[in-house]
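The basis for the numbers below is simple: all heavy atoms, side chains too, and nothing from hydrogens, waters or symmetry mates.
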Amino acid sequence: MSSSLTLSDVLNVEYPATPSWSPDGEFLAVTLYEDDGKALFVSDRTGERTWRFSPENSFVTDISWSPTAAELLVATDDGDLFLADPNGQTTSRLISGPDDREAYTWSSDGSRFAFYRDGRPVVRDVATGSERTYDVPKRGPFLAESRMFAWSPDDTYLAYRFAGDEATQVGVVDVEADELVWRTRGEMASHTPAWLADGRVVLDRQGEGGRVRRIVAVDPEDGEEIVLAREIDRERGVVSQGAPEVSPDGTKIALVLPLDGWDHIHVVDVETGERTQLTEGTFEDKGVADGTPRWTDDETLVFASNRNNPGERHIFSVTLSGRTELLVETPGTNVHPRPSPSGDGLAYLHADARRSPEVRVDTSDETHRITRSEVEAWPVPPIEPESIEFESAGRCIDGYLIDPRKSDAVSDDATNLPAVVCVHGGPMRQMRDGWHPTRSYSLFYTFHQYLAEKGYVGLFVNYRGGIGYGREFRQAIAGVRGADEIEDVARAGEYLKGLNYVDADSVAVWGLSYGGYATLQVLGTHPDAFTLGVNLAGLADLELYRDWAEETKYPPAASAEVLRMGGEPWDVPEHWAEASPATHMDAYEAPLYNFHGTGDRYVNFEQLDLVVETLTDLGKEFDADHYPDENHVFSKRATWERTLKKVERALEAEL
């Protein structure tokens, strides 16, 4: 079959991150993923005046607008830090690498910024370049959160996250006295600090192995604290995500909680402690797994919701009185709403069945496309997915089907077509009706458009454990991990085999992260389900992963691994064994291809070592590639080009 789409078309697609406004509302900045890393992209609100900055021989890692001027910090992967001026489209170097630095955060008055250097908090004066390093507990090994630093409104204090007592902790530093005036202690994991108008710090605190989450306000002067919101589930674990957002006047917090079974907007008055649920219904008011509502002003919030369609997201506003208004109704996925400082514009990320993710701005009379999807320049239009559903273990599971017969490259009456099931990661994620807003899943979707032009049917399955379908759906795999959600994946394969135009002997499965885990698990627990498996950075042994993750990724207090498994390995060893793919590899009948980066911070590379060792000892058919220093989601174009070419050759050879 001929195809006019190429791998270059697939890899030329760029992926924007969440947009942010300059303090005057004149500019939007976003990191834009190019071939091998991210660039800075700045635009006015109409998209007519743009500027792209790609550091020489390096890539952008972080950007942060000054709160008082139209200038922003731009950090690079080789350790340089620039101050960028979008008006003049110029940059000046503030710091040269290669120090270990991260989490640049401006002071409230814009005269200084904080960051970590070698794990220690540092404050730097922008005008003079003078720095002060604080002799306080260090950052620690755990992954970063959305807020690592927070300046008090008067810039007297700096709250920051560090590690201690085998957990993440929050401390408050007096920036002039060079003194740690207050800190959390104990086994609860505290993180993402923010300041209230009355001088208290808001913390997100999680503990008891993922069973408890509390949003706490603490007075650092005397240590007195009150609980503003909580989620407690000692049987199946909490599933709420997303840091609380403080209102502009500092008197309220907003966050998404699933207390009635669905993710809805809640607001807490920090003076009285009164919590009000503003939205309700059998839908989720969240755009992505860790999405949060944003304040437009002290009375109004904007948020993404799937209330119109489970696989789409539209943007709404809600007032403190509960009045809801639809703001963005464009079909597809519309997430990460960011109101302009004056409230006269709304920036967000859009994707749909015809376009990969792009940044848009809605004003009172027009929608402006700030970045534009390269898919528009493809030689053929993308194939629009079909929403499907099937039965699995007593539950209705849905997904999205890409039918290659809808393309000009494949005959309308074609039969015996090969097919591929694509499994998302997480597991608290969800594939969408079209392109996903996140680069990792969006890239997979782009590649499936290429595969469809070559005659491959594609199915993106939303297995249990994911977001979009309520709390019970997310918690459905608690205590039985590696069983029911894997049944969903196997049933997706059976669904494809039941289509009269699919070759039942030519169905593959693949995925990244939890999708890689599902691939490894399903090949052993359902050996007849698939003809081929492709694992990218998947887990082979859950106890091995748990030990590594709780030392390097997240602390034990916030880890729900034991809860998901139904007990500790020494209490229920059979659960851990049954849920670990390495246990079932002796049953493999399909060949397996594996890819993993040695620099992965989300899944330890030793998982691939175990796959290779186990399958070698068992004499099974497999192939494995490792990429030195590559990330969990590969960063380099050359890595993806090699991987996707090899996947394509494997599909051609095995299906």
For a quick test of your reading: what N or O donor-acceptor pairs under 3.5 Å do the side chains of residues 357-364 make, sequence neighbours left out?
residue : atom : partner : partner atom : Å
Glu358  : OE1  : Arg369  : NH2          : 3.1
Glu358  : OE1  : Ser373  : N            : 2.9
Glu358  : OE2  : Arg360  : NE           : 2.9
Glu358  : OE2  : Arg360  : NH2          : 2.9
Glu358  : OE2  : Arg369  : NE           : 2.8
Asp362  : OD1  : Tyr348  : OH           : 3.0
Asp362  : OD1  : Thr367  : OG1          : 2.8
Asp362  : OD2  : Tyr348  : OH           : 3.4
Thr363  : OG1  : Asp365  : OD1          : 3.3
Thr363  : OG1  : Glu366  : O            : 3.2

Atom pair CG (Asp9) and OG (Ser4), whose distance is rounded to the nearest 0.5 Å: 8.0 Å
Does the pair Glu472/Arg395 count as a salt bridge with the N-to-O cut at 4.0 Å? yes
For Arg52, check side chain to side chain donor-acceptor pair (under 3.5 Å) against everything at least two apart and list the hits. Glu14, Glu34
Identified side-chain hydrogen bond (donor to acceptor under 3.5 Å, both in side chains) counterpart of Tyr627 within the set Thr643, Asp600, Thr598: Thr643
Mind checking what makes side chain to side chain donor-acceptor pair (under 3.5 Å) contact with Asp623, not counting sequence neighbours? Lys646
Restricting to pairs with a member in residues 353-376, which pass ring-ring contact (aromatic ring centres under 6.0 Å, His included), not counting sequence neighbours? none
Residues 578-588 vs side-chain hydrogen bond (donor to acceptor under 3.5 Å, both in side chains), sequence neighbours excluded, gives none
In plain terms, say whether Arg474 and Glu284 are close enough for a salt bridge, that is, a side-chain N and a carboxylate O under 4.0 Å apart. yes
So is Arg464 actually on top of Phe473's ring, under 6.0 Å and inside 45° of the axis? no
So, applying ring pair (Phe, Tyr, Trp, His ring centres under 6.0 Å) with Phe460, which one of Tyr445, Trp510, Tyr495 is it? Tyr445
Is it true that Lys454 and Glu652 have a side-chain N and a carboxylate O under 4.0 angstrom from each other? no
Sort and list the pairs that fulfil side-chain hydrogen bond (donor to acceptor under 3.5 Å, both in side chains) and have at least one residue in residues 396-408, not counting sequence neighbours. Asp398-Asn462, Asp398-Tyr469, Asp403-Arg405
Answer yes if the side chains of Gln521 and Arg481 hold a donor-acceptor pair under 3.5 Å, and no otherwise. no
